[in-house]
Amino acid sequence: DSVDTKGAENAKPPTLTQRWWSPISYLLYIWFGGLLRRGYKRTLEYSDVFDTPDALKTRRVYPDTADTFNVIIEEARRKAESGDEKEKKRLEDAEKGLVARYVLKTIFTRHWRRIAFAMSLQLCYSAIQFVGPLMLNQIIKILTQAEYARQAGLEYPQSEITKAYLFAMGMFLAPVVGSLGASQANRVAIGTQIMIRSELIASIYRKALSLSTRSRQATETGRIVNFMSADVNQMQMFFFPFASQLLTGPAMLITSLVLLWFQIKWATFIGLGILLVSTPATTIFLKKITGFRREMLKHTDQRVKLMNQLLVGIRVLKLYAWESAQEAAVLEVRKQELGALGKAIPYRVGLQTLLFAAPSLAMVTCFVVYGTVNPEAFTASAVFTSISLFALMRFPLIFLPFALIQLANAMVSMRRLSIFYLQENRKDDVEELGHVGIRIEDGEFVWRKPPEKLVLPEVGRKGGKGGK
């Protein structure tokens, strides 16, 4: 809103029902092509880009979020005052930064419809991904039977060949439909991410302005800046693209294992066992990474605090030539921050290696054991379908732990914000009286005369009143 838009030609992105052709443009993002072509020809200006939809602007989303959070906190305090020990304990834990219940509840209350819609589309996209392996299985079975019929000198029905072509067409159309659904899910998720970011930054800024003197002394400016940058960034990264993986990831893994059972029977449990064995190591890695992340944020707060002090007192710093001392202090904190980050790197590498190796190891082991024990049932359709299903398992196995890491980081940020939001506010209570508070009758008002100049006696002067 601070940008001067007078005379600008910022157009609004089209809605789904704006014109007869809007659904096609909306789904395929044709409306965005003009901006890309314009940016290719020349440097884009402010008037060229689309205006932010009103539903995503801070002035629209923040007031409702602030009201929702206040209602949740007031209800919790009312329950605690009425004798609810559990709610009282939750409030105490939130003030200490041990729980993120109230911040998370506020976000979910405000955006549960958008989150549910985006996750529903992601689930549909995940389900459509299984169409390819299933249709591939049918195509290979038809081709295998046709080859057996040709070798036996029999005529294979043309209707079955037609089915194979239809299955191939389905393998092409299914990813197209799934991609359209995934793009709309990403659009809704990104919009929700923008709304959450705007709400959090505005609420942090408002809270900083309303802190009491005691709360302001306990909260450094650097920490508030870190709230707006690092913590908000961690939370918005969780809601896109990792939040949907917490739902679609387990669903895809379970569905893949069920379909594998129909292909390689009992050998499925061998692959499942390998994946389950890797789970404890994954949990250990996640806990270590989360702990180092929390340690790193403490040093980050200290570093930002020192940098703010440096910028505010730069004149005094230059006057007394304290640059070296201040630089040493900042570098020491930065060294500790990088040290915490460096400690987490080996665990990240181990986690990624485990995630990439586990699906391949499970697939190879299943094929070797099943092919050795039951070679007659180890057909081409079973092999290629199983390979496709193991390939589908690779994506959730890789991104699900990262989603858990990001969830842990987001929970840490929510706990930090809970401490900040529950701090004491400045009291601006105005009592309404039923009568006139001050009444002045026949009053006279004049400017006060300046006090007479005080003349101090000279040092060593004798005589005179008050002198020596």
Side-chain angles (χ1 to χ4, degrees), residues 1 52-116 191-221 223-236 238-239 243 301 407 410-433:
D1 295 335
T52 304
D54 293 335
L56 303 182
K57 292 184 177 179
T58 304
R59 64 169 178 263
R60 286 286 302 274
V61 299
Y62 167 71
D64 294 337
T65 302
D67 295 340
T68 302
F69 182 78
N70 291 332
V71 169
I72 292 173
I73 293 300
E74 289 175 3
E75 182 181 357
R77 287 173 176 168
R78 188 164 51 250
K79 289 181 179 179
E81 292 173 357
S82 63
D84 192 338
E85 294 297 330
K86 290 184 178 180
E87 198 66 40
K88 183 178 180 180
K89 183 69 167 55
R90 291 194 193 103
L91 278 172
E92 292 176 354
D93 291 342
E95 292 175 353
K96 298 176 182 177
L98 300 178
V99 296
R101 174 186 178 89
Y102 302 111
V103 176
L104 183 61
K105 186 177 180 180
T106 301
I107 294 174
F108 184 77
T109 302
R110 287 278 297 123
H111 304 289
W112 71 269
R113 293 182 180 86
R114 295 177 63 93
I115 295 173
T192 306
Q193 178 194 55
I194 294 173
M195 295 171 71
I196 292 173
R197 178 182 177 83
S198 302
E199 293 164 356
L200 291 174
I201 291 179
S203 62
I204 293 170
Y205 182 75
R206 292 284 185 180
K207 182 67 178 181
L209 295 178
S210 62
L211 287 175
S212 65
T213 304
R214 182 171 58 183
S215 299
R216 191 171 292 138
Q217 290 175 350
T219 307
E220 302 90 352
T221 305
R223 179 174 297 180
I224 296 176
V225 173
N226 207 22
F227 287 152
M228 292 186 178
S229 56
D231 292 298
V232 172
N233 186 56
Q234 291 297 328
M235 293 177 64
Q236 75 168 20
F238 166 70
F239 285 100
D301 289 340
L407 173 62
M411 295 300 291
V412 171
S413 298
M414 289 182 192
R415 295 188 191 107
R416 286 161 52 86
L417 288 177
S418 297
I419 301 175
F420 180 67
Y421 286 146
L422 294 177
Q423 286 186 338
E424 182 183 14
N425 285 339
R426 185 179 63 248
K427 295 182 179 180
D428 295 327
D429 297 335
V430 179
E431 183 180 357
E432 295 185 2
L433 302 177

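Positions are given from 1 along the sequence.
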[X] side chain near [Y] side chain, heavy-atom distance below 4.5 Å:
X: M235; Y: V103; result: yes
X: L211; Y: F420; result: yes
X: V412; Y: Q234; result: no
X: I204; Y: V232; result: yes

For the pair [X] (side chain) and [Y] (backbone), establish whether a donor and an acceptor sit closer than 3.5 Å, ignoring hydrogens and angles.
X: N233; Y: S229; answer: no
X: R110; Y: I196; answer: no
X: R415; Y: A100; answer: no
X: S215; Y: E424; answer: yes

Shortest non-hydrogen separation from [X] to [Y] and the atoms involved:
X: F69; Y: T106; value: CD1-OG1, 3.3 Å
X: V61; Y: S198; value: CG2-CB, 4.2 Å
X: S413; Y: D231; value: OG-OD1, 3.0 Å

Do Q236 and L200 pass the side-chain contact (heavy atoms from CB on, under 4.5 Å) test, and can you show the C-alpha distance, the side-chain angles, and the key distance before you say yes or no? CA-CA 10 Å; Q236 75 168 20; L200 291 174; over 6 Å; no

Kindly indicate, with the supporting measurements, whether the criterion side-chain contact (heavy atoms from CB on, under 4.5 Å) is fulfilled by K57 and D54. CA-CA 5 Å; K57 292 184 177 179; D54 293 335; 3.6 Å; yes

Look up atom [atom1] in [X] and atom [atom2] in [Y], then write down how far apart they are to the nearest 0.5 Å.
X: I73; Y: T68; atom1: CD1; atom2: OG1; result: 11.5 Å
X: M228; Y: R197; atom1: CE; atom2: CZ; result: 10.5 Å
X: N425; Y: L209; atom1: CG; atom2: CG; result: 11.0 Å
X: R216; Y: S210; atom1: CZ; atom2: OG; result: 8.5 Å
X: R426; Y: T213; atom1: CZ; atom2: OG1; result: 8.5 Å
X: L104; Y: T109; atom1: CG; atom2: OG1; result: 9.0 Å

Side-chain donor-acceptor pair under 3.5 Å between E199 and T65, yes or no?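 Indeed, the side chains of E199 and T65 share at least one donor-acceptor pair under 3.5 Å.
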
Looking only at side-chain N and O atoms, does S203 offer a donor or acceptor that is under 3.5 Å from a partner on Y421?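 Yes, S203 and Y421 have a side-chain donor paired with an acceptor closer than 3.5 Å.
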
What verdict does the side-chain contact (heavy atoms from CB on, under 4.5 Å) test give for L91 and Y102, after you've listed the backbone C-alpha separation in whole Å, the side-chain angles of each residue and the deciding distance to 0.1 Å? CA-CA 9 Å; L91 278 172; Y102 302 111; 3.7 Å; yes

Test ring-ring contact (aromatic ring centres under 6.0 Å, His included) applied to Y62 - qualifying residues, sequence neighbours left out: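 Result, ring-ring contact (aromatic ring centres under 6.0 Å, His included) vs Y62: none returned.
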
According to salt bridge (Lys or Arg N to Asp or Glu O under 4.0 Å), who are the partners of D84, at least two apart in sequence or on a separate chain?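 Scan of D84 (salt bridge (Lys or Arg N to Asp or Glu O under 4.0 Å), adjacent residues dropped) gives none.
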
Would you mind checking if E75 and K79 are paired as a salt bridge, meaning a charged N to carboxylate O distance below 4.0 Å?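 So K79 pairs with E75 through a salt bridge.
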
Regarding R90 and E87, does a basic nitrogen lie under 4.0 Å from an acidic carboxylate oxygen?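 Salt bridge flag = yes for E87 with R90.
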
Given L422, which of K207, K96, E92, E95 fulfils the side chain to side chain contact (heavy atoms under 4.5 Å, CB included) condition?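 Single side chain to side chain contact (heavy atoms under 4.5 Å, CB included) partner of L422 among K207, K96, E92, E95: E95.
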
